[in-house]
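Here is the naming used below: chain letters follow the sequence lines, and residue numbers restart at 1 for every chain.
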Amino acid sequence: EEDTSYSHKEKHFFTHKPNMATILGKESGLNLKETELCLGLPGGGGVGGGGGGGGGGGSSEVETPRATGKRGFSETVDLKLNLQSKEDLNENLKNVSKEKTLLKDPAKPPAKEILEIEGDLEKYFRAQVVGWPPVRSYRKNMMAQKVSTEDVAEKTTSSTASGAFVKVSMDGAPYLRKVDLTMYKSYKDLSDALAKMFSSFTMGNYGAQGMIDFMNESKLMDLLNSSEYVPTYEDKDGDWMLVGDVPWEMFVESCKRLRIMKGSEAIGLAPRAMEKCKSRS
Amino acid sequence: MAYTFSFPEEVLEHVFSFIESEKDRNAISLVCKSWYEIERWCRRRVFVGNCYAVSPMMVIKRFPEVRSIALKGKPHFADFNLVPEGWGGYVCPWIAAMACAFPWLEEIRLKRMVITDESLELIAKSFKNFKVLVLTSCEGFTTDGLAAIAANCRFASFIFLISQVLNLLDFNFVFELVLNKGHKFESKLCLCLVNLRELDLQESEVEDLSGHWLSHFPDSYTSLVSLNISCLGNEVSLSSLERLLGRCPNLQTLRLNRAVPLDRLPNLLRRCPQLVELGTGVYSTEMRPEVFSNLEAAFSGCKQLKSLSGFWDVLPSYLPAVYPICSRLTSLNLSYAIVQSSDLIKLISQCPSLLRLWVLDYIEDAGLYALAASCKDLRELRVFPSDPFGLEPNVALTEQGLVSVSEGCPKLQSVLYFCRQMSNAALNTIARNRPNLTRFRLCIIEPRTPDYITLEPLDSGFGAIVEHCKDLQRLSLSGLLTDRVFEYIGTYGKKLEMLSVAFAGDSDLGLHHVLSGCDNLRKLEIRDCPFGDKALLANAAKLETMRSLWMSSCSVSYGACKLLGQKMPRLNVEVIDERGPPDSRPESCPVEKLYIYRTIAGPRLDMPGFVWTMEDDSSLGLE
């Protein structure tokens, strides 16, 4: 089960439990080994884990190079982390227990940023030791749903981080699919993908680039009079438009839903599409 | 004077047909060769606890007439994201083999496995009598696969327990397909969709979802037995639902989702007064007397209702509406209900027949005390954390709550309890109060928390549990624990079958105690403990008597894993390490994760790049 509040990549990050000293060193450019950075993670994952655990879990002192090509820490830390505000952070730092002292060398006080990063991470790790407490993701999500209903409204407009999923329906097909428009780079890509999805239905060839040629009115009208299928979409304004009328990026932003219908049905759209087209150019 | 005494085979077979339990069947098959033969030909249900322990062909060869198969794949800790994605648990080879061998297969139940659309399609094509598909925490398929099943299985009763994979759209689609094809479900249809995750939180597609799939159940369809949509986030058409419920007299289970408003619940209930299990929708609305009395009357009309769940977003003043039926309730799942202790107390005090309670820690000690006073028949209690990642306690729930229940509920057998403090004294009391405990899972939220009174480890407390609860089958430990607790477990935990350990112990001695002492141990899962090579190697033989051992973030070296793999050909010793090949590090370097399981199928061939099976001597060509 996946924890939906973090991206897939971040999940991999957690299972790595990277060596804090090297990573923070990389992050800030300081040689943190000199400051004897020691993060007493509950899992004993830090070098010198404390308590009754006897440091068993973290006994490896071998550097662990990232052989797997997964994202390094510095990349993942920019992604949405549930970090506290700075005020809370300083509060927490004061409350940090002895076992979790961040620095052992008082002669070299840390730069404020490092403390804050460590504090963030420290709280983050403490809160997010993988799989602990053993609450299944499903339960976590269900509880979180209530809390995040306010967030949902804000998220409605941004689609980039989590993809731009739109429904795709095709008249006459029992299929209803969903595609992530951010997975495609162009109308052609999308057209190929749709063709594969609805392969038992012909979509016709409506243009070499998978785009309707809006500039050629007569060609357009031919297409729309035929029984060929054309892709249409509902845009942000709630209008149904012919796919291909705007640059790809704009399309991804504004497309709310896709519907593949017979050209003859789409004909009603054409004038409006043309209008909108003309008003844009 | 020896005489042989034997029944004709048919008689024996008839006798065996009354033996359902797996364990008993296995025992029968060991009596003598002829019983083995007879039994294997008439075994209809097979349970494979680890899909890699045996190959499909082996099962098929031994049990040629199987009608129902259950398989489990990933280790239990996969539930908590400890098993990397892609680890395995593929059911495809099983389906492919069974497609040829078991044409009359009726049931497939899978847990924590990966099943593809191709497999689902194969199921649909191959088994003409297919009836039951249960997928619990599975992944790997899309609606195409489900549609194939839905479209082709005339006699199917589906129970889909799906974790994370489908979103609502896909769900709509399945039903569209099923119902557009005009299929009549000739037997009971059980629809149970749990853990649907929505990919799409952004859109509020109310207009599409209202009734979209529900309205497609044909008017002639009357066979619904169970409908569970509790995890769907969006609205369904209530009028369609009402019509559906009204014509399905066999409906026993109805679990609604959050989006079903409370004031519509009475209408729904009125149409299915025979309901046995109900999950409400959202349990709050404007407080209006007529709504309340309507609701109360509707509940009163459900004379068979025994189980309640749901209760999303509770408005306490509506809770009394269920009071009329409380005396009959045997199961109450309030584990998503945010309700204060005082309101919970009022509710629970009215439920003397309660056998099972799942609740959030909002119940607090006071609520558990009331539970102990009112529910003398209680068998199972689960208390979940409302704020598992909070640093400070947010509720007044301590060890006292559990102590009260152990005192007041003489039949209590099964406990799952999340809390933030515990003492040896409390555990001792619980143990003495309740020697009939069979499942005891305690999760003290902060790892390595000592006895809060004495600041000592909780060794003696858990020791008391294993000592007094002689029938204890399942135990999960937490808190500050030394090797001592394992000594107790090894000494007293003779019936223990499953043990979960985290952040505990000092040395290999701990693990050694468990492996050498727990005679009935089948599953052992360990994380973040300082257990290394010695105990493992010294008890290598023990591992063949268990289903599996999981160790992650411990101190088992690669060298030890290799050795174990070499010496124990009937174990698969899998090293899971996302840092890259273990060969690239010194042999003394500990592995990240280790999964050892007994098998007669040899090393598996479907491992991803981060899993290495340690080769045994025979495969190195030394035999």
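Heavy atoms of B:Ile444 lying under 4.5 Å from chain A belong exclusively to its backbone. Only the side chain of B:Phe418 comes within less than 4.5 Å of a heavy atom in chain A; its backbone stays farther off. B:Ser335 touches chain A through backbone and side chain together, each having a heavy atom under 4.5 Å away. Using a 4.5 Å cut-off between heavy atoms, B:Phe531 makes no contact with chain A at all. Contact annotation for B:Pro450: neither backbone nor side-chain heavy atoms come within less than 4.5 Å of a heavy atom of chain A.
Judged purely by distance below 3.5 Å, without hydrogens or angles, the side chains of B:Ser309 and B:Arg255 pair a donor atom with an acceptor atom. In this structure, a donor-acceptor pair under 3.5 Å is present between the side chains of B:Thr482 and B:Asp459.
Counting heavy-atom pairs closer than 4.5 Å to chain A, the top residue among B:Cys443, B:Ser507, B:Ser552, B:Ser386 is B:Cys443.
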Legend entry - Worked verdict on B:Phe80 versus A:Val130 for side-chain contact (heavy atoms from CB on, under 4.5 Å): CA-CA 7 Å; B:Phe80 313 120; A:Val130 176; over 6 Å; no

Inset, instruction - Tell me, with the steps shown, if B:Val339 and B:Tyr283 meet side-chain contact (heavy atoms from CB on, under 4.5 Å). - result: CA-CA 11 Å; B:Val339 189; B:Tyr283 207 77; over 6 Å; no

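Within 6.0 Å of the CZ atom in B:Arg112, the count of heavy atoms belonging to other residues, nucleotides or ligands exceeds 12.
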